[in-house]
Student: 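Before I ask anything, here is the structure I am working with.
Just so we're on the same page: letters track the sequence lines, and every chain starts at 1.
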2 protein chains.
Amino acid sequence: VPLSRTIRCTCINIINQPVNLRSLEKLEIISASQSCPRVEIIATMKKNGEKRCLNPESKAIKNLLKAVSKQRSNRSL
Amino acid sequence: VPLSRTIRCTCINIINQPVNLRSLEKLEIISASQSCPRVEIIATMKKNGEKRCLNPESKAIKNLLKAVSKQRSNRSL
């Protein structure tokens, strides 16, 4: 049995509920890697700086990314 | 004349050239705010950790975000 690698994912709880683009300060998409085997998407909220992990496979995140790519760059997220 | 706000954007040079999803370690999308009036998209490269600013309105970033939302979560970016 090979030595197991230490898994260090950032996200513990992942939510599926929709997040409004305008309420976001930042959206981070982190690639799967040796330290975490899955893609992680972390949303930082404008209001309180709270970070929420979103499910990359959810309809909500697909809609969010679509909205990002449709926005004009000189507008708020 | 009102006092001008100090502008503190992260990106100085913005590139339009395509970035391959698989070569990315992280993608950050930062909302426009009081400190920077435009949306900023910062890609961190896997190879050397280099950060590149991408143009949110470019075709390249639209394709990249489309690719993110199509990927399976248990794969590399």
Student: Determine the minimum heavy-atom distance between A/Leu24 and B/Ser31, stating which atoms define it.
Tutor: O-CB, 3.4 Å
Student: Supply the atom-to-atom distance A/Leu65 CG to B/Lys62 NZ, rounded to the nearest 0.5 angstrom.
Tutor: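 Going from CG on A/Leu65 over to NZ on B/Lys62, the span is 12.5 Å.
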Student: What distance do A/Glu57 atom CD and B/Ser69 atom OG have between them, rounded to the nearest 0.5 Å?
Tutor: 11.5 Å
Student: How many angstroms lie between atom OG1 of B/Thr44 and atom CD1 of A/Ile29, to the nearest 0.5 angstrom?
Tutor: 11.5 Å
Student: Please determine whether residues A/Met45 and A/Leu54 belong to a single hydrophobic cluster, defined as Ile, Leu, Val, Met, Phe, Trp and Tyr linked transitively by side-chain heavy-atom distances below 4.5 Å.
Tutor: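 Yes.
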Student: Enter the distance from A/Ile42:CD1 to B/Lys26:NZ here, rounded to the nearest 0.5 Å.
Tutor: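 One finds 8.0 Å between CD1 of A/Ile42 and NZ of B/Lys26.
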